[in-house]
Each structure stands twice: as structure tokens, then as C-alpha cells.
Amino acid sequence: MRHLRSQRREWLTTLLLLLPGFAVFLGLFVYPFIITIVLSLRPEGQTTGWTLEYYTSFLASEHGRQVIVLTFFLAIATTLFSVLLSVPLALVLRRKLRGHRFFRAVPLIPLVVPGLIGALGLLLVFGSRGWFNLFIRDVLPFIHGPIAVNYTISGLTLFYVWLYFPYTLLTTLSTLEGLDPGIEEAAQVSGANPWKVLRHVVLPLIMPGILSGSVLTFMNAFGAFSIPLVAGGNYRPLSVDVYKQIQLFVPAHWSQACAIAVIMGVLQVVFLTFYMRVLRGRKVK
Amino acid sequence: MKKLFTILFVLAVVAASAFAAPKEIVFMDSQSGANFQQWWQTIALPAAEDFLGVKIKYVVGSDAEIIERMKAWKAGQGDITVLFPKSTALFIKTSQVQLENLTTAKVPNMAKIDPVLQTSTEGVPVANKGAAYWFSTYALIYDSNYVKNPPKSWQEFYDRRAEWKGHIGFIRPDAKSSGGWRQPFAFLNAFTDFSKKFDPNAADFQAAWARLKDFYTYCQLPLAAEPTNAFENFNAGDTWITVYAMDYSLWSARQGTMPPTTKAMFLDPGIDAGGQAYLVVPANIPEENKQIAYKLINYLLSDDQQSRLVSTMWQYNSTMINDKVPGIVWEQIPKIEVAKKAAIPPERVNADAIAYIKKNAVNIIPK
């Protein structure tokens, strides 16, 4: 009997301790999400009735399809380039070279600079009279006229990579540093050259870090807002489309905005589920 | 007896606190750009705080969010004391949102406001739902380094568009900035009659629309996402000429975010579409806050404040006090009479045409 009572008390204490966290989860995550879904299914400005019109009209429109493709393109390209940049950089930063603290801090700057400020700074650097083009003009005089970076798709991808690659770098670097140096030494002693050590020993071992960083980079790039808003030119992904529905139209198109937001969320979850499943498959293998 | 005194004392304290003037009020701003956000925070509201003896909390918001908030308020629950909206017309049109009627009995300085500014905004009657605070003016903004002989009319601007091909700085029609629709509206107004009932299929409008589509191809591409981009394009020497808010452009030139060689002038026939901004008071706020709101608006419409507005910010005052404005101001910007002449008259500011532009102009910009 006493045992039962103490078990119940323990259970109650656990419940009470969990309650604040659970309330915050419900209030700040579940509730807004449900409201967004409900609004996306309501006729604009109505509190009754249901409709799928905003989903069908967006998905059926050429504009909607283009925006979805663009959003995926930017997120995937950013993830890919971030990995390609992060791995060699992490390998270099792993060595405790002179001034390594400074060189480790520099790539993290994009994480602490607000996206909007970063975007404006990059626009200045890559503008037709920015440092980049002034440098090109002085160093490569055979190139006539400024190189267009701002408002191009390649420029936008570059800006995305600048802002989001630190996620991949951080996870790759921390995995790399957690690696037992003895494993690499063992491979070298067994006659493997540095390239073989990297390809067959280091890369497979740090793959979980690279992949988890790539997931973070992908998620951030998929939902990126400030950079495409300011530096996107004609390339405006889903997040900007949601914003447009609320900011531009009078009265605001809340239902359409919510429908696009739900589509965005679903696409992201589906893609990430698929991606994680592939990763899990790799691990088993 | 002692108990009774205690109860009476507690009741008196509660009653006194309930009827006491509020210690803090909220000034919500969805209208201002960087220049006016600075104005409110560093000049106008601190001065008003000293004058009124209340703390004024300055908050920046967006019309759509504020409207959703206001819809949920019950009587006396509202927490925005004075609102400076981006689109007063939107608040007036939204039936679930109630605004206080502002009259000279409540705000005596409203008697000094130019009556024209109190008639309509963005084609919607003001009906005393707001008090005009300033009168904004769009102008032809150009870099005199590149444009030596600027056009004097929209027709001339259009005819000479090839001279500035790739250097005309228009903003995307789906920008947050109202410049996105004001620029094409002012352009179209020059080639079609917006005082008539708006018909998007009318031949004259279709012809004007085709001209706009053609004109966009002469602009710097891609079109600027927001004014910040347009300003940066000016600084880089990529944009030479545009149509934008005169006060903001000149303020930016002073701040170094536009070239110092930036100049402004007006275009015929009309260049700005109802560019006045209003101070409004939500109806569902506590009564004592309303009294403070009236006093605050009255203070902001006082001669001293209105004079500072034009002499500090180059934004035209809404009250008719031009004899009190320092003469040096008119050496910097055109006189208010000239600016008023350059405005598109209220009867031509067609709300349906504006809505059409907001929805459709993005489809005719070059991809």
C-alpha cells in the first residue's frame, strides 16, 4: 500500500515537473501550428466553412510550382556547397596552427550577424562598385565591366552558403576533434597514404557530423527569409511568398499565407524524413 | 469602525488607481521608414513625454498584425494608445476595427489641418477617423552627376526613357514599401483618367498598362526589392533616376546612403498618390488613455512640432502654418504650395486601381 502511495507521489511529481514544459510546447508550438492549419482551410476572412481552394490554387499555378522548385534548389545547392566548403575547412582548422583561435572564430561570424545585415553587407561587397568588382578590375584587367553577382541565382546561392555553412562546419569540426588519433595512426602504420586515410578512415568516421550539419543547413536554407527578401531580386522562395500575402495585399491574405506556410512545412518534413531514412540506411549498411 | 475605515481606505486607493492617468501609453508605428523611426524615438516622442508627463512606449508593427490584434479587443482592452498606420484607409475599411472619431473638440489643433488632407486617403474617405500628421511628397529623384537635364513630366520621362535605359530605379510592385505601387500608380495616372470608375479592360487603361510594361523594361533590372536596394544602386552609380519619397531621399543623401549629388523635382501631372499619414486612436482602449491620446495628437499638431517636422525632416507639415516655418527650409525643398500642386488630386486616387496594381503589376515586370 505504502509502495503504491509513494509510486503515485513520484508519478505526480514527475507530472508536475513536466507540466511547464508541456504547457510551453502546447502553447508555443502546437497551438500556433493548429491555428495556421485551420486558417489555411477557412475561406478568407471567415470564421466558419472549410475550403481547399488556397492549396489547390497555389499548387496548380505555374508560379506556385516555380517557387517550390526554387526553394528546393536553393536549399539543396546551399547544403551541397556548405558540405564541400566545410569538410576541407574543418580539416585545416583541426590543426592547431598559429592563430587558430582567430581562424576558428571567423567562419562563425555569419551565425551572430542578423541575416538582413549580412545580406546588405554582401550586396555592398559584390555590387558593381563593391570591393569584389574593384578587386577584379585591378587584378584581372582583361575582364571588362563588373561581374554581376547581386540578384543572380549564383549570387543568391553564394549568400546562402555564407550564412548557413557554419552549421555544417561546426558539426564536422566537433566530430573530427572527437576522433581518436590512434585510428588514423594505425591506418598510416598499415601503409595507407594520407589520401587513403582521409577517404577510407576519416571521412566515413566523420560522416555523421557532416550529415547532421547538412540537415541543419538544409532546414535553415529552406526557410531563409531575410537574404532572398533583400538580395533575391526576381528569385523569391516560399518564405517570401508567405510574407507577400500578408504585407502586400489589403486586406492581408491570411488564408493563402497560411496555406503556403503549411505546404512549406509539409514539404520540408517529407524531404527530411526521406533524407533521414536514407541516412539511417547508410548507417545499417 | 476601524474595519470600515480600512475598507474605505482600500476602496479609495483602488478607485484612485483606476481613475489615475496612465503612467505609460503605447505609440504604435507601422508607417515610418528608418528616418521617421529615428524622428519618433529621438525627437518627437521624448519631447511629448516631457510635455505630457507620461512615458510613451514606441513600438514598430505592421498593419496586418495590428488589425488582427485590434479585432480581438473588447471594450477598454486595447493596448495601443495612438497608432500611426501605414495605410489608414485599410483601418477605416476594416469593419471589425473601430477607430475613435477625432474632432476639434477633442483635438483643438486639428482646426489648423489643411481640409484637403482630411477628405480622403488612398481613395477612401477619412471621415474624422484620423488626424493628418504630415504630407509626404514623392518626387523625381536623380543623381545630378548623371542626369543633367531631368524630365519635367511623365510624358517626357517616358519619351526619353532610352536615355536612361538600365538606370531607372523602380521598386518591385510586391515590395513592402508603398513605393512598389505608388510608382506605377503615378505613372499610369499620367496616361489614363483615374477619376472615372476603374475598369481594367478600358482601352485607355490598357494602353497605359502596356506603356508601364514597356517602361519597366527600361528600368534597372531586376527591380529593387525595397528602397534600401534602390538607394544602394544609386550609391553604386547603377541607378541614376527614380521616383520616390522626397523627404526620405534627401534625408538619406544627408546620411550618406544616397549620393550627395542627389536632387529632387516634381513631374507633371502629379507624382504622389495620397501620401499623407494620419494619427489615429483605436476606440477599444481605456477611456483615460483616450484623453492622453488626444493630448498627444494635439501636441504633435502644435505649431512648434509641425515646424520642426519640415525643418528637420523635410516632410511637409499637415497644418497650415507656413508663415511660421523658417524661410531657409524653402531653399532646400520646394514650397508646400508647389508640392501640393504636384500631388495627384484626391478624386484621382482610385482605390480600385491601387488594388489592381498591387495584385497584377508583378506579372508585367521583366523576369
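The shown structure was predicted, so the numbers you read here are calculated from the model rather than taken from an experiment.
Remark: the backbone N or O of A:V230 is paired with a side-chain donor or acceptor of B:N229 at under 3.5 angstrom.
When the heavy atoms of residues 63-72 of chain B are compared with those of chain A, the residues falling under 4.5 Å are B:A64, B:E65, B:E68, listed by number.
In this structure, the portion of B:D238 lying under 4.5 Å from any heavy atom of chain A is its side chain and not its backbone. Within the 4.5 angstrom heavy-atom criterion, only side-chain atoms of B:K93, from C-beta onward, approach chain A. Neither the backbone nor the side chain of B:A89 comes within contact range of chain A, judged by heavy atoms closer than 4.5 Å. For chain A, no part of B:A355 is nearby; none of its heavy atoms comes within less than 4.5 Å. A:I246 touches chain B through backbone and side chain together, each having a heavy atom under 4.5 Å away.
Using a 4.5 Å cut-off on side-chain heavy atoms (C-beta onward), A:L124 and B:E232 make contact. Counting heavy atoms from C-beta on, the side chains of A:L120 and B:T228 come closer than 4.5 Å.
Closest approach of A:G233 and B:P222 over heavy atoms only: CA-CG, 3.9 Å.
Of the listed residues (A:R129, A:H63, A:K244), the greatest number of heavy-atom pairs within a distance under 4.5 Å of chain B belongs to A:R129. Taking A:A252, A:P146, A:S128 one by one and counting their heavy-atom pairs under 4.5 Å with chain B, the maximum is reached by A:S128.
Counted by atom type alone, A:N234 and B:R172 present one or more donor-acceptor pairs between their side chains at under 3.5 Å.
Salt-bridge annotation for B:D174 and A:R236: present, with a side-chain N of the basic residue lying under 4.0 Å from a carboxylate O of the acidic one.
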Practice problem: Show your working on side-chain contact (heavy atoms from CB on, under 4.5 Å) between A:Y151 and B:L221 and close with a plain yes or no. | Solution: CA-CA 9 Å; A:Y151 313 117; B:L221 298 174; over 6 Å; no

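Taken from OG in B:S177 to CD in A:Q247, the straight-line distance is 11.0 Å, to the nearest 0.5 Å.
Crowding of B:Q77 atom CD: a count of heavy atoms from other residues, nucleotides or ligands under 6.0 Å exceeding 12. Annotation for A:F81: atom CZ does not count as buried by contact number, only 12 or fewer foreign heavy atoms lying within 6.0 Å.
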